[in-house]
Amino acid sequence: MTGTGLACVLDGARVIPVLTVPSAATAGPLADALATGGARCAEVTFRTSDAEQVLKTMAAHGGLTVGAGTVLTPEQVERAVAAGARFVVSPGLDETVVAKCRELGVPVVPGIATATELMRALKAGLDTVKLFPAEPLGGIPMLRALAAPFPRARFVPTGGIGAPLLPAYLAAPAVLAVGGSWMATADHLRRGEYAEIRRLTAEAVHGSAR
């Protein structure tokens with residue numbers, strides 16, 4: 001399954017809230033806030049002990065297409081898919097993770113930071129990669145420089161991107177979607193600020209539709 005599969009799964013959604021959720025108790029209200037704000041997809045990172053249950057709860061919500069992020073091993077791929085992940089995102093390019101995703105029939109978006117890594121991804125049959133960490137790497141100029149020699153590559157830039165930068169990233173022809181955590185931060189979740197999550201999500205989704 002290639003990045004084309006990701007485009008089908010996202011079904012036109014261009015903003016992916018990237019979520020690091022410390023407690024499964026917040027998963028239901030968070031899914032409600034994101035869906036009410038207009039989000040159609042979300043990425044739950046495997047960075048917390050509750051990540052698997054969070055993914056399971058959000059996948060069962062029905063209003064969101066949920067994927068798993070920060071997936072580092074084939075075993076995590078299996079756990080993520082069993083919990084309901086419709087796509088898998090990794091911070092780097094690991095062929096064993098790619099192979100396991102192919103075996104299980106889920107799109108995989110590996111992280112890349114160099115032209116060499118992008119060539120490896122393309123050689124592996126992928127056409128969509130995660131530029132990570134996008135802003136520290138050089139932001140939009142870096143993305144354009146990578147995209148120029150590889151016209152069939154599509155990017156999901158993530159890392160250091162906030163609301164002010166979203167329109168410029170989305171305007172880049174090579175960008176399929178943009179991932180970001182500003183819509184639902186750890187502070188928002190800790191304080192139970194679901195109305196603010198809904199507002200920020202609606203703002204991002206509205207901006208991506210322009």
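When all heavy atoms of Ala177 and Ala13 are compared, the pair lying nearest together is CB-O, 4.0 Å. In plain terms, the two heavy atoms of Leu165 and Gly160 that are nearest each other are CD1-O, 4.0 Å. Taking each heavy atom of Gly67 and Leu55 in turn, the nearest pair found is O-CD1, 3.8 Å. Across all non-hydrogen atoms, the minimal contact from Gly63 to Ala35 is O-CB, 4.3 Å. The two residues Cys41 and Pro17 come nearest to each other via the heavy atoms O-CD, 3.1 Å. What you find for Ala204 and Val15 is that their closest heavy atoms are O-CG2, 3.9 Å.
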Set out, in order, the CA-CA distance, both residues' side-chain angles and the distance that settles side chain to side chain contact (heavy atoms under 4.5 Å, CB included) for Phe87 and Val66, then state yes or no.
CA-CA 7 Å; Phe87 60 93; Val66 185; over 6 Å; no
Before giving the answer on salt bridge (charged side-chain N to carboxylate O under 4.0 Å, His left out), spell out for Arg79 and Glu75 the whole-Å C-alpha distance, their side-chain angles and the decisive distance to 0.1 Å.
CA-CA 6 Å; Arg79 287 165 48 203; Glu75 186 265 343; 3.4 Å; yes
Leu64 vs Arg86, side chain to side chain contact (heavy atoms under 4.5 Å, CB included): CA-CA, chis, key distance, verdict
CA-CA 10 Å; Leu64 297 167; Arg86 296 279 309 282; over 6 Å; no
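A continuous path of hydrophobic side-chain contacts links Phe46 to Val54 [ILVMFWY only; heavy atoms under 4.5 Å]. Leu176 and Leu146 fall into different hydrophobic clusters, where Ile, Leu, Val, Met, Phe, Trp and Tyr are joined by side-chain heavy atoms under 4.5 Å apart, directly or via other members. Linking ILVMFWY side-chain heavy atoms closer than 4.5 Å, directly or via other members, places Val98 and Val88 in a single hydrophobic cluster. When the side chains of ILVMFWY residues are joined at heavy-atom separations under 4.5 Å, either directly or via intervening members, Leu93 and Leu118 end up in two distinct hydrophobic clusters. Under the 4.5 Å side-chain heavy-atom criterion for ILVMFWY residues, no single connected hydrophobic cluster contains both Val205 and Leu200.
Scored by the salt bridge (Lys or Arg N to Asp or Glu O under 4.0 Å) test, Arg190 finds Asp187 as partners (sequence neighbours excluded). Thr36 is linked by a side-chain contact (heavy atoms from CB on, under 4.5 Å) to Arg198, counting only residues two or more places apart in sequence or in another chain. With sequence neighbours left out, the side-chain contact (heavy atoms from CB on, under 4.5 Å) criterion links Ala172 to Leu143, Val175. Residues meeting the salt bridge (Lys or Arg N to Asp or Glu O under 4.0 Å) test with Arg191, sequence neighbours left out: Glu193. In terms of the side-chain hydrogen bond (donor to acceptor under 3.5 Å, both in side chains) criterion, residue partners of Thr57 (sequence neighbours excluded) are, by chain and number, Gln53. In this structure, the salt bridge (Lys or Arg N to Asp or Glu O under 4.0 Å) partners of Arg120, at least two apart in sequence or on a different chain, are Glu95. Listed by chain and residue number, nothing satisfies the salt bridge (Lys or Arg N to Asp or Glu O under 4.0 Å) test with Glu117 (two or more places apart in sequence, or in another chain). With sequence neighbours excluded, the residues satisfying side-chain contact (heavy atoms from CB on, under 4.5 Å) with Ala163 are Trp182, Glu203.
Between Arg152 and Leu122 the shortest side-chain heavy-atom distance falls below 4.5 Å. Between Val89 and Val156, the closest side-chain pair of non-hydrogen atoms is not below 4.5 Å. Contact check for Leu10 versus Ile16: side-chain heavy atoms found under the 4.5 Å cut-off.
How far CZ of Phe132 is from CD1 of Ile112: 12.0 Å, rounded to the nearest 0.5 Å. Within the model, atoms CD of Glu78 and OG1 of Thr73 stand 8.5 Å from one another, a figure rounded to the nearest 0.5 Å. The distance from atom CD1 of Ile161 to atom CG of Leu131, rounded to the nearest 0.5 Å, is 7.5 Å. Rounding to the nearest 0.5 angstrom, the gap separating the CG atom in Leu34 from the CD1 atom in Ile197 is 6.5 Å.
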Please tabulate, for the side chains in residues 18-26, all donor-acceptor contacts under 3.5 angstrom to protein atoms that are two or more places apart in sequence or on a different chain.
from: Thr20; atom 1: OG1; to: Thr45; atom 2: OG1; distance (Å): 2.9
from: Ser23; atom 1: OG; to: Ala25; atom 2: N; distance (Å): 3.2
from: Thr26; atom 1: OG1; to: Ser23; atom 2: O; distance (Å): 2.8

Only pairs under 3.5 Å count here: list side-chain donor-acceptor contacts from residues 103-110, not counting sequence neighbours, and write none if there are none.
from: Glu103; atom 1: OE1; to: Lys100; atom 2: NZ; distance (Å): 3.3
from: Glu103; atom 1: OE2; to: Lys100; atom 2: NZ; distance (Å): 3.3

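Screening residues 158-175 for side chain to side chain donor-acceptor pair (under 3.5 Å), with sequence neighbours left out, gives Glu135-Tyr169. Applying the side chain to side chain donor-acceptor pair (under 3.5 Å) test to pairs two or more places apart or on separate chains, none has a residue in residues 5-16.
Looking at Thr185, its side chain does come within 3.5 Å of a backbone N or O of His188 through a donor-acceptor pair. Formation of a donor-acceptor pair under 3.5 Å by the Ser90 side chain with backbone atoms of Val71 is found in this model. Not one N or O on the side chain of Arg47 forms a donor-acceptor pair closer than 3.5 Å with the backbone of Val44.
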